[in-house]
Colleague: 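First, the structure itself, so that you have it in front of you.
Residue numbering restarts at 1 for every chain, and letters A, B, ... go by the order of the sequence lines. The model shown is predicted, which means the values in this text are computed figures rather than measured ones.
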Amino acid sequence: MNIFEIYLKKINLVLSKNKEKLGLKDFNNYKNITIETPPSDFDFDLSCNAALVLAKLNKINPTLLSKKIKDLLLSNLKDFKEIEIAGPGFLNIRFSNEALISNINSIIENRNSFGAKKTNKSFNIEFVSANPTGPMHVGHCRGAIYGDVLSNLLKFNGNSVTKEYYINDYGKQIQGFVKSVFLRIRELKYGEKFIQKDDLYPGAYIIDIAKNIIKKNKNVKYENFEESFEALKKESLNFSMDLIKSDLNNLGIKHDKFFSETKIVENKLVEKSISHLKKKKYVVEGYLEPPKGEKDKNWKKIKRLIFKSTKFGDDTDRAMQKNDGSWTYFANDVAYHLDKINRNYDCLINILGADHTGYIKRISAAVKALSENKVELQCKVCQLVKLFKKGKPFKMSKRAGEFISVQDLLNEVDKDSIRFMLLNRSNDVEIDFDFDKILEKSKDNPVYYVQYSFARISSLFRSLNLDLNDKVVLKKDKFKLNDFEIKILRKIFEWPKIIEISSSKFEPHRIPYYLYELATLFHSYWSKGNQDPKYKFIKDGKIKNIETYIIITLVAIVVQRGMNILGVSLPERM
RNA sequence: GCGUUCGUAGCUCAACUGGAUAGAGCGCCUGACUUCGGAUCAGGAGGUUGAGGGUUCAAAUCCUUCCGGGCGCACCA
C-alpha cells in the first residue's frame, strides 16, 4: 500500500474525466505528475504538482489552473479535507479523518508486507566471488553486504532470489596458491625453507592449510608438485572456501549456490557456448587491435577466436583465447553466463568492485548475444573502500601477505555496525576506511540510534504488558493526533516509497537513512515527555490513548521490517 | 589519449531521479534528567552544490565546455 500511488491514480482519474472543464487539450503526458511529501515546514500530508505540469503542456496560467483543480478535487475526493495552493502552483493536501483512519488500518492489517512492492520475478545475484586463495579481506565486505541486502530487499518484494558465488578456482592464481601450500607442506614435513617468490602467497593461513592437509594425509609424501597437484588443489580449495564461508557467515551472509569455474572447463561448457555464438557469427577467428593504453612490447598479433562485442556496444572486440590457445577468463565467464541464462531467471545481477568496471560492457554484450536480448543483466558497481592506517593510505595485497582480513575487522567491531556503516551510503561513492579510527567511530554508529528506538518501544510495551503483535483497529470518529504523531505518521507513509525506489534502482542505502530519520522523530517525541507530562505515553499506568498506541506500533513495525532487510539485529534491550 | 565514475557545510555523506527556503551525523558553541531507558533531546554557528554557458514555471540533478580526484584500458583474475 503506497498512498502516493493510490492518490496519484485517483487524482489522475478525476483530472482526465474533467479535462474539458479544465480547458486541457493535451493530457497525454500526465506521467510527469507526481505526489510527494511536502517539505517539513508545510503542515500537509501530500503535495501534488499536477497544475504545474498541465499548465505547461497546455500553455495556460498555472495559478488559475491550480484553483480549478483544487475545487475539482475537493468536490470529487472525499478523502481530502483541505487543499492549499502554494508557491508557483503546488497543491498541498490534507487528509480527512476517515481517510487517515482507513490508511492506518490497512497498514496494520498488512503489517508483514507493509511497504512491499510485489513484482514476483526470479533473480540471480552473483556477488563476492572473491578468489579462493585465502580468507576475505575488508575490501570484499562492501559488495558482500550490498549483495546480501539487495537480495533481502528483492525477496521482501515477493521475488525469488538465488545468491550465487562464482569460485575462480582455475588459472594461474590457483597454481600459485596450490604451489604455496605444497611448499609449506615441504617446509613442515622436510624442513625445506619456504622462499618467497612473486607468484607465491606468504600468508600465515597457508601454513594452517598445510598443517591440516598433512594431518589428513599422513601417508602422502608430496614429492612431486605436478603429481600432487590435482589432489592438493581440491583440498586446498576446500580449506580456503571454508575460510571464506565462515567469514561470510560471520557477516550474516549465506549464499545459495557455489559455482566452480573448473567445472565449466571440465564439462566443456566453453565449447558449447562458443559453438552457440559461432552459429550467429558473434564469435569468429580474427585478429585484435593492439591495446590503446601504454605500449607493451610483449604484444603479438595472433589469429584467435574473438567475440564481436562491438556489435553490442563494447569499445573493442574481446579475446576468447590466450596466445597459447587456451581459454581466457572471459571465455569461461561467457560460458558461466550461458549456464545462468539456461536456468531461466528473469534477471541476472552481477555485483562488481570498481576495479572491474571496464568488464561490464563486454559481459553485458555476451549476455545480449547469448540470450538474443531476452535476459536482463544488471551490473552494479561498488566503489572501492579506500583503506587507511594511522591516517596513511594502505594498499592491500594477498600476494604480499599484507592485508586486513574480515576477521581482523570483526574482532574490533560488531557485525551490525559494519553492515550499517557500509550500507549507509550510495554504492557509487568511495568509502574512506581508517582502521584505527573505526573503533572510536563505531561508538557513534547510527545503527545504535535506530536500535535504541526499538529498545525503548520494547521497554515501554513490557512495562505496559502489551504485545507488539496485538491487533489494534481504529474505529473512533474522533481521532486526534498531536504534532509529533502526525509527523511520524507522514514518515510512515513514506516507507513504501523508500522500498520502491531502493529496489527499482538497486539502491538500498536509502533504507538506513530513512530508518535514522524515523528514529529521530520517535526519540524527539519520547523526550518531549520528559519536558511536558502531557506528551508522556503512559497515563495512570496505561497507554495514553489509542492514537499514541497506534503510532508507536507503526514505528516498531517499520523499524522491524527495515532492519530485517538490512540484516541487522534489533535487540529488545541494549 | 580513450572509457567510466565521482566533486554538495571544517570532515563523512543525503537529497524521493526535474520540485518549494539544499538536509543529516561528526566536530564547535549554548542548554535539558528524582519515576514511560540520557546510547536521548532542544537550540546556535557553518553553503556561489568544483567553474562557466545552455534547456524551463522550476536544475545539485538534464545538455555542453573546462578544472580536479578514483578505477580500468592485449594475454592475468
Side-chain angles (χ1 to χ4, degrees), chain A residues 4 32 34 36-42 47 49 51-53 55-56 61-63 86-90 92 129 131 133 168 170-174 261 288-294 296 298-302 304 314-316 318-319 321-324 326 328-330 332-333 353-361 381 383-384 386 424-426 428-432 441 443-446 448-449 451-453 455-456 458-464 494 497-498 500-502 504-505 507 509-510 513-514 516-517 519-520 523-531 536-539 541 543-544 573-574:
Chain A
F4 300 94
N32 288 334
T34 58
E36 297 173 8
T37 311
S40 57
D41 10 332
F42 292 84
S47 164
N49 65 354
L52 292 169
V53 173
K56 183 189 177 182
N61 182 308
T63 314
F90 288 103
N92 286 332
S129 299
N131 281 334
T133 53
N168 298 134
Y170 189 83
K172 274 183 195 166
Q173 294 192 4
I174 293 301
E261 186 180 1
L288 288 175
E289 296 292 310
K292 283 170 185 159
E294 280 178 45
D296 189 332
N298 297 326
W299 185 82
K300 286 177 197 162
K301 192 167 187 175
I302 287 175
R304 67 180 98 213
D314 198 2
D315 313 315
T316 167
R318 303 293 173 176
Q321 288 177 300
K322 302 179 195 172
N323 287 351
D324 65 4
S326 62
T328 57
Y329 173 83
F330 177 61
N332 292 347
D333 206 21
D355 49 342
H356 290 79
T357 312
Y359 194 71
I360 295 175
K361 279 186 182 174
V381 171
Q383 288 302 319
L384 299 183
K386 268 204 269 180
N424 203 14
R425 47 204 73 194
S426 144
D428 42 35
V429 301
E430 289 168 36
I431 298 183
D432 287 348
K441 263 191 191 170
K443 283 178 194 156
D444 34 63
N445 192 304
Y448 300 125
Y449 186 85
Q451 286 178 325
Y452 188 52
S453 69
R456 276 180 151 175
S458 300
S459 139
L460 181 70
F461 274 53
R462 257 197 316 273
S463 64
L464 289 169
E494 285 181 42
K497 204 167 180 173
I498 298 296
E500 190 190 336
I501 296 164
S502 300
S504 64
K505 303 285 172 189
E507 289 178 357
H509 72 276
R510 292 154 198 277
Y513 270 97
Y514 171 85
Y516 190 92
E517 286 164 2
T520 300
H523 285 310
S524 170
Y525 186 14
W526 177 293
S527 305
K528 184 72 179 175
N530 294 336
Q531 243 175 292
K536 283 197 184 287
F537 300 150
I538 296 176
K539 198 181 172 188
I543 188 83
K544 184 173 53 184
R573 300 170 200 262
M574 293 172 71

Colleague: Verify, without hydrogens or angle tests, whether Thr520(A) (side chain) and Tyr516(A) (backbone) share a donor-acceptor contact under 3.5 angstrom.
Modeller: yes
Colleague: Taking any heavy-atom pair under 4.0 Å as a contact, classify Pro39(A): base, sugar-phosphate, or nothing.
Modeller: base
Colleague: With sugar-phosphate meaning primed atoms plus P, OP1 and OP2, does Arg510(A) contact a base, only sugar-phosphate, or nothing at under 4.0 Å between heavy atoms?
Modeller: base
Colleague: What's Lys361(A) touching, base or sugar-phosphate or nothing? Going by heavy atoms closer than 4.0 Å.
Modeller: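 It contacts sugar-phosphate atoms only.
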Colleague: Could you give the distance separating U30(B) and U34(B) at their C1' atoms, to the nearest angstrom?
Modeller: 25 Å
Colleague: Work out how far the C1' atom of U49(B) is from that of C13(B), and round it to whole angstrom.
Modeller: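 The same atom, C1', in both gives a distance of 13 Å.
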Colleague: Thr34(A) near the nucleic acid: base, sugar-phosphate alone, or nothing, with a heavy-atom cut-off under 4.0 Å?
Modeller: nothing
Colleague: When the C1' atoms of A51(B) and A15(B) are compared, how many Å lie between them, rounded to an integer?
Modeller: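 Their C1' atoms lie roughly 22 Å apart.
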Colleague: Just checking His356(A): base, sugar-phosphate only, or nothing, at a heavy-atom cut-off of under 4.0 Å?
Modeller: base
Colleague: Give a yes/no answer on whether the side chain of Tyr449(A) brings an N or O atom under 4.0 Å of OP1 or OP2 in C41(B).
Modeller: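 For C41(B), OP1 or OP2 has a side-chain N or O of Tyr449(A) closer than 4.0 Å.
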Colleague: Distance-only, no hydrogens or angles: does the His523(A) side chain make a donor-acceptor pair with backbone N or O of Tyr452(A) under 3.5 Å?
Modeller: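 Not at all, since once roles are kept as given, no pair shorter than 3.5 Å links the two residues.
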Colleague: Across the strands shown, which category fits Asn49(A) at heavy-atom distances under 4.0 angstrom: base, sugar-phosphate, nothing?
Modeller: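 Base, at least one base atom sits under 4.0 Å.
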Colleague: When you match Gly358(A) and Tyr448(A) each to their closest nucleotide on RNA chain B, which lands nearer the 5' end?
Modeller: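 Upstream on the strand: Tyr448(A).
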Colleague: Assess whether atom OH of Tyr514(A) is packed by more than 12 heavy atoms of other residues, nucleotides or ligands within 6.0 Å.
Modeller: yes
Colleague: Is there a donor N/O on one and an acceptor N/O on the other, under 3.5 Å, for the side chain of Ser524(A) and the base of A42(B)?
Modeller: no
Colleague: Can Phe90(A) be called stacked on A20(B) when the rule is centres closer than 5.5 Å and an angle between planes below 30°?
Modeller: yes
Colleague: Is there aromatic stacking of Tyr452(A) on U40(B) here, judged by a ring-centre distance under 5.5 Å and a plane angle under 30°?
Modeller: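 Tyr452(A) ring does not meet the centre or angle cut-off for U40(B); no stack.
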Colleague: Say we look at U56(B) and G18(B): how far apart would their C1' atoms be, to the nearest angstrom?
Modeller: 10 Å
Colleague: Base, sugar-phosphate or nothing for Ser459(A)? Non-hydrogen atoms, less than 4.0 Å.
Modeller: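 Ser459(A): base contact, heavy atoms under 4.0 Å.
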Colleague: What interatomic distance, in whole Å, is found between C1' of A45(B) and the corresponding atom of G10(B)?
Modeller: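 To the nearest whole Å, 12 Å.
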Colleague: Using a heavy-atom cut-off of 4.0 Å across all strands, would you classify Asp314(A) as base, sugar-phosphate, or nothing?
Modeller: nothing
Colleague: Quick one, give me the B/S/- string for nucleotides 27-32 of chain B, reading 5' to 3', where B means a protein heavy atom under 4.0 Å from the base and S means that only happens at the primed atoms, P, OP1 or OP2.
Modeller: ------
Colleague: Between the side-chain atoms of Asn332(A) and the base atoms of A77(B), is any donor-acceptor pair under 3.5 Å?
Modeller: no
Colleague: Using a 4.0 Å heavy-atom cut-off across all strands, classify Gly171(A) as base, sugar-phosphate, or nothing.
Modeller: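 Sugar-phosphate contact only.
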Colleague: Assign Lys497(A) to base, sugar-phosphate, or nothing according to its heavy-atom contacts below 4.0 angstrom with the strands shown.
Modeller: base
Colleague: So, is Arg456(A) close to the G38(B) phosphate, meaning a side-chain N or O under 4.0 Å from OP1 or OP2?
Modeller: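 For Arg456(A), the contact criterion (side-chain N or O under 4.0 Å from OP1 or OP2 of G38(B)) is met.
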Colleague: Indicate, with a heavy-atom threshold strictly under 4.0 Å, whether Glu430(A) touches base, sugar-phosphate, or nothing.
Modeller: base
Colleague: Looking only at atom P, what distance separates U21(B) and U64(B), rounded to whole Å?
Modeller: 28 Å
Colleague: Would you measure the distance from the P atom in G31(B) across to the matching atom in G53(B) and give it in whole Å?
Modeller: 46 Å
Colleague: Could you tell me whether the phosphate oxygens of A77(B), OP1 or OP2, come under 4.0 Å of any side-chain nitrogen or oxygen in Lys322(A)?
Modeller: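 Checking Lys322(A) against A77(B): at least one side-chain N or O falls below 4.0 Å of OP1 or OP2.
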Colleague: Which dot-bracket string fits RNA chain B when only Watson-Crick or G-U wobble pairs with both atom distances under 3.5 Å count, crossing pairs get [ ], and | stands for a partner on a different strand?
Modeller: (((((((..((((.....[...)))).(((((.......))))).....(((((..]....))))))))))))....
Colleague: Ignoring hydrogens, what is the shortest heavy-atom contact between Pro88(A) and Thr63(A)? Give both atom names and the distance.
Modeller: O-OG1, 4.4 Å
Colleague: Describe the nucleic acid contact of Phe4(A) in one word from base, sugar-phosphate, nothing, applying a heavy-atom distance below 4.0 Å.
Modeller: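 Phe4(A): no heavy atom of the nucleic acid under 4.0 Å.
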Colleague: For a quick test of reading the model, state the closest non-hydrogen atom pair linking Ala51(A) to Pro62(A) and the distance between them.
Modeller: CB-O, 4.1 Å
Colleague: Taking for each residue the nucleotide of RNA chain B bearing the nearest heavy atom, is the 5' side occupied by Thr37(A) or by Trp526(A)?
Modeller: Thr37(A)
Colleague: How is Lys172(A) classified with respect to the nucleic acid when contacts are heavy atoms under 4.0 Å: base, sugar-phosphate, or nothing?
Modeller: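 It contacts sugar-phosphate atoms only.
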Colleague: Looking for any heavy atom pair under 4.0 Å, which part of the strands does Ala55(A) touch: base, sugar-phosphate only, or nothing?
Modeller: nothing
Colleague: Which value, in whole Å, describes the distance between the C1' atoms of nucleotides A24(B) and U8(B)?
Modeller: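 These two C1' atoms come out 13 Å apart once rounded.
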